Amino acid sequence: MSKKLYIETYGCQMNFSDSEIVASVMTDHQYSTTDNHKEADVIFLNTCSIRDNAEQKVLNRLKQLQPLRREKPGLIIGVLGCMAERLKDALLEENELGMRVDMVVGPDAYRDLPQLMPDAESGHKAINIILSSEETYADITPVRYASNGVTAFISIMRGCQNFCSYCVVPFTRGKERSRDPRTIVSEARQLFEAGYREISLLGQNVNSYFWEGEEMGKATGFPELLEMVAGVSPLLRIRFATSHPKDMSDALLQVISRNPNICRAIHLPMQSGSTSVLKRMNRKYTREEYMDRIEAIRQTLPGCAISTDIIAGFCGETPEEHQDTLDMMEWAGFDFAFMFKYSEREGTLAAKKYKDDIPEEEKTRRLQEIIKLQQRLSLKSNKADVGTTVEVLVEGLSKRSSAHVSGRSSHNKVVVFPDKGYKPGDYVKVRINSCTAATLLGEELEN
Ligand code: SAH
Ligand code: SF4
Ligand code: F3S
C-alpha cells in the first residue's frame, strides 16, 4: 500500500509550482497525495522566507502539527523550500517550542527526496540544501494535485541574481537559470490537450529568460518563448509573472500586441516611486525609467491592466520619498497592487548596509496610506469596466454562492455571474453590471 503525502504550500506561485514537482517525484516512489493532513504519513510544508511574518506563519503551523505525532507514531514532518535554505540545520535542532522537524530540503534538492525518506523514517534526520546552477526539473512532469483543471503554472526559470538589497530570494533560490524552451512548449501543449485553458509562465524575473542553445536555430529570449507558447492554441490563454522593469522590452510588448491570447495584464513591481530609494534597493531603474515603461505599455497595449508590488518604510525612507511613491501610484493608476511593510532579512545587502530605521508605527501608517490609495485606484479601475463586455474563462463555482460561477477576464479581474450550467474551461462573454474594489459582477451577454 502506498504511503500518504500531504503538502502545504506557502509563498509565491513558484512554490506552488514546485510543490507539483515534489508531488511528481514522490508519487513515482510509492507515495500518493492526500488533501487531509490527519491521514498523512508524511507532511511537507513548502515554505517562504520573503518577510518575517511569512516565516512566523510556518513556525506556528509546525508547532500546531506536533500533536499529530501522538496519534501517528512514525509521522514525518519536513520543511521544504526557502526556509529550509535560509535556516538550514537550525530547523533540525529541537528548540524551546518543542518543534521537531524530520527533514529539511531546499528548492534544488527535490529529486533527492525519495533517497532521503528512509533516513527520516528510521528516525535519523535528513537534510539536503545544496543549491544547483543547473537544476530546472525540465524533465519532470508536475502532478497537478490541487488543480482546478483549467489554470496551471509552468516554471520557465529558477533562481534570481538581481540582488535587490532587501530580498532573500537570491540566497534561498540560487543562480538564475532558464529551462529548455522545447520542454516548456511541450508541457503547454500537453496541458492544453488535457483541457487546461490558461497557463502562467513563472520566474522571479521572467522577462530575463534566456536559452542559449541553438537547437531552435537561434538563442531564445522571453519574447520568442512567449510567442511560441501562445502559438499552442488561440484558445489557450497565457499569463506571465514576474516581470522586472529593467527587462520590459518593446519587443515583448509587440509580441503581446500580436497575440490576443496573451492576457492584457502586466505585473510590473515598482517597489518605490523614489529614485533615491530605488537606488538603495538596488533595483537598477529610476522613477523616470519606470514611468517610461508604463508609457510604453499604455502606447502598445491600450487598456492593458497594470499591477505592481510596493514596499513601505524601506531603510532611510523620508516622508518626501514616501510621497513620491503615492504620487507614482496615482500617476500610473495601478489596477491592483501587493503592498508590504519592509521586513529586514538577515544576510541581505540592505541588512548589511542600511539601518532599518523607520519605526514600526510609521511603517504601518505609510502602508495604510498606500493601501487606502490603492483601494481607491482599484475601485476606479473596476468602475471603468461597468457597462463593458469582457471575455471570462470560467474556473468554477463562486465561493460565495453556488448559483454563480467565477472566472477571470483577460485583465486578471475576478468576474462573478449567474451560472447557466457552464463548465470550468468555458469562455463566456459577460456584460459587467456592477463592481466592488475586488470583483466585477455581471451576466452573460445574450446575442
Ligand atoms: N521577483 C519579483 C518578486 C519577488 S518577492 C520582483 O522582483 O518583483 C515579491 C515581493 O515581495 C517583492 O516584489 C517585494 O515587493 C516584496 N518583498 C521582497 N522582499 C521583501 C522584504 N524584505 N520586505 C518586504 N517586502 C519584500
Ligand atoms: Fe528579489 Fe529582486 Fe530577485 Fe525579485 S528581482 S526575486 S525582488 S532579488
Ligand atoms: Fe517566498 Fe521563496 Fe517565493 S522566499 S516568495 S517562496 S521564492
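Since the model is a prediction, treat every value here as computed from it, not as a measurement. Counting starts at 1 for both ligands and their atoms, following the listed order.
- Contact between R173 and ligand 1 is absent, with no heavy atom of the residue lying under 4.0 Å from the ligand.
- Below 4.0 Å from some heavy atom of F163 lie the following atoms of ligand 2, by number and element: 8 (S).
- Not one N or O of H244 is nearer than 3.5 Å to an N or O of ligand 1, by distance alone.
- Residue contacts with ligand 1 include I311, since one of its heavy atoms falls under 4.0 Å from the ligand.
- Atom 1 (Fe) of ligand 3 lies at 2.8 Å or more from every N, O or S atom belonging to C12.
- Neither the backbone nor the side chain of M14 comes within 4.0 Å of ligand 3, counting heavy atoms alone.
- Contacts with ligand 2 closer than 4.0 Å are made by side-chain heavy atoms of Y166 only, the backbone lying farther away.
- For atom 4 (S) of ligand 3, the closest heavy atom belonging to the protein is S49 N, 3.3 Å.
- Atoms of ligand 1 lying under 4.0 Å from at least one heavy atom of P269, given by number and element, are 8 (O).
- For atom 6 (S) of ligand 3, the closest non-hydrogen atom of the protein is N15 ND2, 3.4 Å.
- For ligand 1 and Y342, the ligand atoms under 4.0 Å from any heavy atom of the residue are 23 (N), 24 (C).
- At least one heavy atom of I50 sits closer than 4.0 Å to an atom of ligand 1.
- At the shortest separation from atom 2 (Fe) of ligand 3 among protein heavy atoms lies C82 SG, 2.2 Å.
- Summary of contacts: the protein heavy atom closest to atom 1 (Fe) of ligand 3 is C48 SG, 2.3 Å.
- Not one N or O of E344 is nearer than 3.5 Å to an N or O of ligand 1, by distance alone.
- Evaluated for a salt bridge (Lys or Arg N to Asp or Glu O under 4.0 Å) with E317, the options R366, K355, R280 yield exactly one hit, R366.
- Within ligand 1, the atoms closer than 4.0 Å to a non-hydrogen atom of T242 are 2 (C), 6 (C), 8 (O), numbered from 1 in the order shown.
- With a 4.0 Å cut-off on non-hydrogen atoms, C160 touches ligand 2 through its side chain and not its backbone.
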List the steps, then state whether salt bridge (Lys or Arg N to Asp or Glu O under 4.0 Å) holds for E295 with R298.
-> CA-CA 5 Å; E295 275 170 347; R298 298 263 183 254; over 6 Å; no
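- Each of the atoms 1 (N), 2 (C), 3 (C), 4 (C) of ligand 1 lies under 4.0 Å from some heavy atom of Q204.
- Counting heavy atoms under 4.0 Å from ligand 2, residue P170 touches it through the side chain alone.
- The shortest separation from a heavy atom of Q271 to ligand 2 is not under 4.0 Å, leaving the residue out of contact.
- In terms of protein heavy-atom proximity, atom 14 (C) of ligand 1 is nearest to Q271 OE1, 3.4 Å.
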